[in-house]
Amino acid sequence: MAVYTEVGDEELASFIASYDLGDLLSFKGIAEGVENTNYIVHTSKGPFILTLYERRVEAADLPFYLGLMEHLAEHGVTCPTPVRDAHGKNLSRISGRPAALVTFLEGFWVRRPTAAHCAAVGRALAELHLGGEGFGLRRSNALGLAGWRPLYERFADRAGEIAPDLARLIEEELAFLQENWPQGLPDGVIHADLFPDNVFFIGDRLSGLIDFYFACNDALAYDIAVSLNAWCFEKDMSFNITKGQAFLRGYEDVRPLSAREREAMPLLARGAAMRFLLTRAYDWLNTPKDALVSPKNPMEYVRRLRFHQGVRSIAEYGLNGMAK
Ligand SMILES: Nc1ncnc2c1ncn2[C@@H]1O[C@H](COP(=O)(O)OP(=O)(O)OP(=O)(O)O)[C@@H](O)[C@H]1O
Ligand SMILES: N[C@@H](CCO)C(=O)O
C-alpha cells in the first residue's frame, strides 16, 4: 500500500483548521497508487483527498499541477479541484512533505474496460486537450524523448536481470526513436498517464479524471498513444482493435486528428510504450523487496512495443478513412 508518510491526528486537525472546512471528523490512508501518499479526509464540509507528494514529484512542479487542475475544472473537465486555505494558498506542508487538499471524486476505476469505456475515455481526453488551452504555466515532459536515454543509462548495466535481450531491444529502439521522432505536431497540455486507474466511472458514465502529476506540455497525439497502450491491450497483450476504434472515434468526436497526427500514431505508440517500459524497468530493479508497493511488470511494455513495431498505419489501431 502507498502510505509512505504517516500523518498524526493532532497534526492533521491543525492542518485542517487552516482551511474553511469545518471540523476534522475522520481520516484514513488509501492503499492504492504508487507515487504519492493519499488520505481520505472527512470534515464537516464533506470528503476531501489529502496528497503528500513523494518520489518523482518535484516540488517546483506543484504550482503547475495544482493550477492545471483548477484551470481544467473551470473549463468543464471533471477532475479534483485544489482547495485553498485561509491565506488563499492551494499548496501547503504536513509531516515534512509538500501537500495539497483536493475535492473528492465519486466513482471507481474499471478493472476490465469495455469498448464503451474506451469511447468515453477518448472523448474525455480530447475534452482535456481542449480544456487545457489557455493555461498559463508550462512544464516540459521530463519523461519525453530527451529523458528516455538518461533514464535507461541509470539501469543499463542491470537490464539483463529483467530479460537477456532487453538491453539490445532498448538500445536499438532508442536509436530508432531518436532518428524518427515526429516534430511539430499540435501541442498543448497532456495528462501523460491516463491509465484505467486514473479514470473514474459510475456505471458506464465517466465521472472524472485524477492524477495529473505527470501532466506537461507535449504533442497532444502522444497522449492518445499513451492511452492506446494503457486501455486497448488485453491481458494476453493482444491489441483489441474494437477498443482502439472506440477510443479513437470517441476522441475524434471532440477533436479530429490532423493527417500528420494520424500518420505519426505508430511512432508515438512506440515512444509511449518505451516510456512505460523504462520507468517500470527502473522501478523493477530499484524497489526494495520489503517496499510497500510491488513494482509493475516492465515486460508487458516489451510486448506492446513489439506489437507497435509491426504497425504501419493508424488503421491497425482501428481508425480508417481520411483526416477530417
Ligand atoms: N480526488 C480524488 N477523489 C477520490 N479518490 C481519489 C482522488 N484522488 C485520489 N484518489 C484515490 O487515491 C488513489 C491513488 O491516487 P493516485 O492515482 O493519484 O495516486 P498516485 O500515488 O499518484 O498513483 P499512480 O501514479 O500510481 O496512479 C486512487 O486510486 C483513488 O482511490
Ligand atoms: N501508469 C504507470 C504507473 C504510474 O505512473 C504504469 O502503469 O507504469
Side-chain angles (χ1 to χ4, degrees), residues 1-5 27-42 46-58 61-62 65-66 68-70 72-73 77-83 90 97-111 113 121 141-143 147-148 151 190-202 206-216 223 225-233 237 272-287 291-305:
M1 74 172 242
V3 174
Y4 300 100
T5 306
F27 71 104
K28 195 167 180 291
I30 297 177
E32 282 191 70
V34 297
E35 299 288 343
N36 299 308
T37 295
N38 289 293
Y39 285 90
I40 173 141
V41 175
H42 293 271
F48 296 88
I49 294 284
L50 170 67
T51 303
L52 280 68
Y53 298 100
E54 318 266 354
R55 284 165 52 100
R56 290 204 179 96
V57 176
E58 294 280 344
D61 290 331
L62 287 168
Y65 304 132
L66 296 170
L68 177 61
M69 286 189 260
E70 277 178 351
L72 291 174
V77 176
T78 318
C79 64
T81 314
V83 184
N90 58 16
R97 313 267 351 146
L101 267 181
V102 300
T103 54
F104 183 85
L105 284 188
E106 300 291 349
F108 303 92
W109 69 268
V110 286
R111 269 61 179 174
V121 179
N141 188 356
L143 289 171
W148 296 338
L151 176 56
I190 67 166
H191 184 285
D193 191 28
L194 200 64
F195 275 56
D197 57 353
N198 290 330
V199 182
F200 287 180
F201 284 86
I202 299 173
L206 192 154
S207 61
L209 311 177
I210 64 163
D211 200 359
F212 287 79
Y213 301 113
F214 288 105
C216 56
D223 224 7
V226 168
S227 288
L228 286 174
N229 274 285
W231 288 85
C232 303
F233 284 83
M237 296 302 132
M274 175 58 80
R275 176 262 187 254
F276 291 98
L277 165 56
L278 291 173
T279 47
R280 285 182 173 205
Y282 178 85
D283 288 350
W284 191 263
L285 295 167
N286 290 287
T287 304
L292 294 170
V293 292
S294 322
K296 297 184 179 179
N297 188 350
M299 295 308 286
E300 291 176 7
Y301 277 83
V302 168
R303 309 259 309 264
R304 285 164 163 89
L305 177 56

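Side-chain atoms are counted along with the backbone in the values below, which use heavy atoms only and exclude waters and symmetry mates. Whatever order the structure lists them in is the order used to number ligands and atoms, beginning at 1. Along the sequence shown, residues are numbered consecutively beginning with 1.
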Original post:
When the ring planes of Tyr65 and Tyr213 are compared, do they come out parallel, tilted or perpendicular, using 30° and 60° as the limits?
Top reply: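 If you compare the ring of Tyr65 with that of Tyr213, the planes turn out perpendicular.
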Original post:
Taking the inter-plane angle between the rings of Tyr301 and Phe276 on a 0 to 90° scale, is it parallel (under 30°), tilted (30 to 60°) or perpendicular (over 60°)?
Top reply: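 Tilted, since the angle between the ring planes falls between 30° and 60°.
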Original post:
Honestly, is Arg303 close enough over Phe233, meaning NZ or CZ under 6.0 Å from the six-membered ring centre and within 45° of the axis?
Top reply: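 Because its charged atom misses either the 6.0 Å distance or the 45° angle limit, Arg303 does not stack over Phe233.
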Subject >> Ile49 vs Ile210 side-chain heavy atoms within contact, under 4.5 Å >> reply: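 Answer no - side chains too far apart.
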**OP:** Indicate whether the side chain of Glu106 and that of Ser207 have a donor and an acceptor atom separated by less than 3.5 Å.
**Re:**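 Glu106 vs Ser207: no donor-acceptor pair found between side chains.
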**OP:** Show the protein residues that qualify under the rule heavy atom under 4.0 Å from an atom of ligand 2, listing them in chain and number order.
**Re:**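 Lining ligand 2: Glu35, Asp193, Phe195, Phe214, Phe276, Arg280, Lys296.
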Original post:
Quick check: does any side chain N or O of Asn90 sit under 3.5 Å from a backbone N or O of Val83, one acting as donor and the other as acceptor?
Top reply: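 Not confirmed, Asn90 side chain does not pair with Val83 backbone.
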**OP:** Return yes if some donor-acceptor pair links the side-chain N/O of Trp284 with the main-chain N/O of Met299 below 3.5 Å, else return no.
**Re:**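 The answer is no, because no donor-acceptor pair under 3.5 Å joins these two groups.
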**OP:** Let me know which protein residues bring a heavy atom to under 4.0 Å of ligand 1; chain then number is fine for ordering.
**Re:**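 Protein residues near ligand 1 are Ile30, Glu32, Gly33, Val34, Glu35, Asn36, Asn38, Ile49, Pro80, Val102, Thr103, Phe104, Leu105, Asp197, Asn198, Phe200, Ile210, Asp211.
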**OP:** Kindly check if the number of other-residue, nucleotide or ligand heavy atoms within 6.0 Å of CZ (Phe108) is above 12?
**Re:**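 Open.
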Original post:
Can we call the ring centroids of His191 and Phe212 under 6.0 Å apart?
Top reply: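 Judged by ring-centre distance (under 6.0 Å), His191 and Phe212 do meet the cut-off.
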